[in-house]
Trainee: 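This structure is in C-alpha cells; I'll ask about it shortly.
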Amino acid sequence: TSTGGVRGGAGTKTTLTQADADAITAQVPHVSAVSPVVNANGQVVFQNQNWSTTIQGVYPDYQQVGSWKMQEGSFFSTADEQSSTTVAVVGQTVVNNLFTPLGLDPLGQQVRVGSVQFTIVGVLTAKGSNGGFNDPDDVVFVPFSTAQGRLTGGRNANSIDVIVDNSSNVTTTQTAVEQVMEQQHHITDATLDDFTIQNQSQILQTVQSTSQTLTELLISVAAISLIVGGIGIMNIMLVSVTERTREIGIRIAIGAHPGDVMMQFLVEAFMLSALGGIVGIVIGIAGSYIVSMVNSSPFALSPLAVLIAFLFSAVVGVVFGFYPARRAARLDPIVALRTE
C-alpha cells in the first residue's frame, strides 16, 4: 500500500471484505463461527473520564470466536449488526478506567467515540494477562457494520476469524477457505494470493519453539550460575581448611578418623549451599508473586520445582565441597599441630 508518498510492506494493504466472511460461512463446511474484524483505535469518553483503547467491529459470533463470557448484560445481536445499531460491549480494563472511579455500573450508560454515542449493552468477564504486551480486556466491541459506517468509513476488514467444529477438520477447512478466498478475489495462481491464512496449531508451534529456546537459554544461565556459586563455596571451604589446620590436627591426634573430618567439612559445605538455596527459593517465590500481581496474571507454585531447586543447590555444595573436605582429611596431624 502507499499512503502519503510512503510505501508499506507486505500485509499493510487490506484486501479482506465482509463478503469474504459471508462466503466462507455459506460455502465452507465444518465452520461453526465466522467474524470479520475491523480495528478503529480511539478515545472512549464518558462524562469527565476518557480512555484510549482498541475498538473492534465484529459479528455477534465473535463472542464464540474469542471465547468471551459475559459478566453482565449480553453481546450485541444479529439484529444490531443488520441495522448498524450504536451499541457496545466493553472489557474490564475499560470499565476500571471509565466507570469504577465514578462508582457507576457501565450497563446502559452511553460513551462517546469521536462524535458517535454508543450504548453499553454488555460487560465482558476479565480474561487477564495473556503473557504478552497487549491487554485482552482493554477492548470495546461494536457491530461490524456500525464500525464501518460510523467509525472507519472503509469497506475492508483487517482480518477474518474462523472457528472449526473439530480439530481434526482444521487442515481440510483451511484448504477450503483458501479456495473460497481465491474465488472471491479472482485469483488463479496460488502464489499470487493477496491474503495469508494462519491456524492456531501453527501459532502454537511458533510459541512452543520460542518457549523451548528461552528454556534452553535459562538453563544455560542457571548452569553458569551454579558453577560460579560452586566455585565460590569451594574457595570458602579451602580458606576454612587453611585457617583451621591446627583444629584438624588436634581432632585427628585425639582419634578422629579422616572420614570424620571429611564428613565435617562436607556437612558445612552442604549447609552453606542449602541455606543459599532456601534464600533463593524465597526470593524467587516472592518475585514471581509480585510480578503476577503487577501483570494481573495467575500465580502458580510448583512444589516439584521448589524441591528440585533445593536438591540442586545442595548437590552443588556437596560436589564442590568434596575437594576441600578431602584435603582436610589428608592432612598430616604432626604437620597440622605444628601450624600456628
Side-chain angles (χ1 to χ4, degrees), residues 66-71 91-93 95-96 124-139 167-168 199-240 259-326 328:
S67 300
W68 287 101
K69 296 181 180 179
M70 304 304 301
Q71 177 173 301
Q92 278 298 316
T93 300
V95 172
N96 293 339
L124 300 167
T125 301
K127 282 189 174 183
S129 174
N130 57 9
F133 294 103
N134 295 326
D135 179 3
D137 298 317
D138 191 6
V139 67
S167 59
S168 61
N199 63 50
Q200 293 291 351
S201 62
Q202 293 171 331
I203 298 173
L204 181 61
Q205 289 174 0
T206 302
V207 172
Q208 288 176 337
S209 176
T210 304
S211 177
Q212 182 177 358
T213 302
L214 290 174
T215 300
E216 292 173 354
L217 176 62
L218 288 174
I219 290 174
S220 301
V221 173
I224 294 172
S225 300
L226 286 173
I227 292 173
V228 172
I231 292 173
I233 291 174
M234 184 172 64
N235 288 335
I236 291 172
M237 296 307 299
L238 285 172
V239 171
S240 178
D260 298 328
V261 176
M262 177 178 284
M263 183 58 66
Q264 174 189 349
F265 283 91
L266 282 177
V267 169
E268 291 181 10
F270 171 81
M271 291 301 295
L272 275 174
S273 58
L275 287 173
I278 292 173
V279 172
I281 290 169
V282 171
I283 293 175
I285 293 174
S288 300
Y289 180 75
I290 292 172
V291 170
S292 69
M293 292 292 290
V294 172
N295 293 337
S296 299
S297 57
F299 173 75
L301 179 62
S302 170
L304 179 61
V306 173
L307 179 61
I308 291 175
F310 177 78
L311 291 177
F312 258 99
S313 62
V315 168
V316 166
V318 173
V319 170
F320 283 89
F322 179 78
Y323 173 70
R326 186 167 177 267

Trainee: Rounded at 0.5 Å granularity, tell me how far CD1 in Ile219 sits from CD1 in Ile224.
Mentor: 12.5 Å
Trainee: Any side-chain heavy atom of Met262 sitting closer than 4.5 Å to one from Leu266?
Mentor: yes
Trainee: Would you confirm whether Ser240, through its side chain, and Ile236, through its main-chain N or O, come within 3.5 Å as a donor-acceptor pair?
Mentor: no
Trainee: Heavy-atom count around Met271 CE within 6.0 Å, excluding the residue itself: above 12?
Mentor: no
Trainee: Between Ser273 (side chain only) and Val316 (backbone N and O only), is there a donor and an acceptor less than 3.5 Å apart?
Mentor: no
Trainee: Check side-chain contact (heavy atoms from CB on, under 4.5 Å) between Asn96 and all other residues, then give those that pass, not counting sequence neighbours.
Mentor: Gln92, Thr100
Trainee: How long is the straight-line distance from OG of Ser167 back to CG of Asn199, given to the nearest 0.5 Å?
Mentor: 11.0 Å
Trainee: Compare every heavy atom of Gly317 with every heavy atom of Ile233, then report the nearest pair and how far apart it is.
Mentor: CD1-CA, 4.2 Å
Trainee: Can a donor-acceptor pair be found, under 3.5 Å and without considering hydrogens, that links the side chain of Asp137 to the backbone of Lys127?
Mentor: yes
Trainee: Under 6.0 Å from the CD atom of Gln212, do we count more than 12 heavy atoms belonging to anything else shown?
Mentor: no
Trainee: May I ask you to test the Met293-Phe299 pair for a side-chain heavy-atom distance under 4.5 Å?
Mentor: no
Trainee: Is any side-chain heavy atom of Phe265 less than 4.5 Å from a side-chain heavy atom of Val261?
Mentor: yes
Trainee: Would you give the length of the straight line joining atom CG of Leu226 to atom CD1 of Ile231, rounded to the nearest 0.5 angstrom?
Mentor: 11.0 Å
Trainee: Would you check if the side chain of Ser225 reaches a backbone N or O of Val221 as a donor-acceptor pair within less than 3.5 Å?
Mentor: yes
Trainee: Mind listing the side-chain donor-acceptor pairs of residues 302-315 below 3.5 Å, one per line with the distance, residues two or more places apart or on another chain?
Mentor:
| residue | atom | partner | partner atom | Å |
| --- | --- | --- | --- | --- |
| Ser302 | OG | Ala305 | N | 3.3 |
| Ser313 | OG | Ala309 | O | 3.4 |
| Ser313 | OG | Phe310 | O | 2.6 |

Trainee: With a 3.5 Å distance limit and no angle check, can you tell me whether Ser209 reaches the backbone of Thr206 through a side-chain donor-acceptor pair?
Mentor: no
Trainee: Applying side-chain contact (heavy atoms from CB on, under 4.5 Å), run through Leu124 and Met70 and close with a yes or a no.
Mentor: CA-CA 5 Å; Leu124 300 167; Met70 304 304 301; 3.6 Å; yes
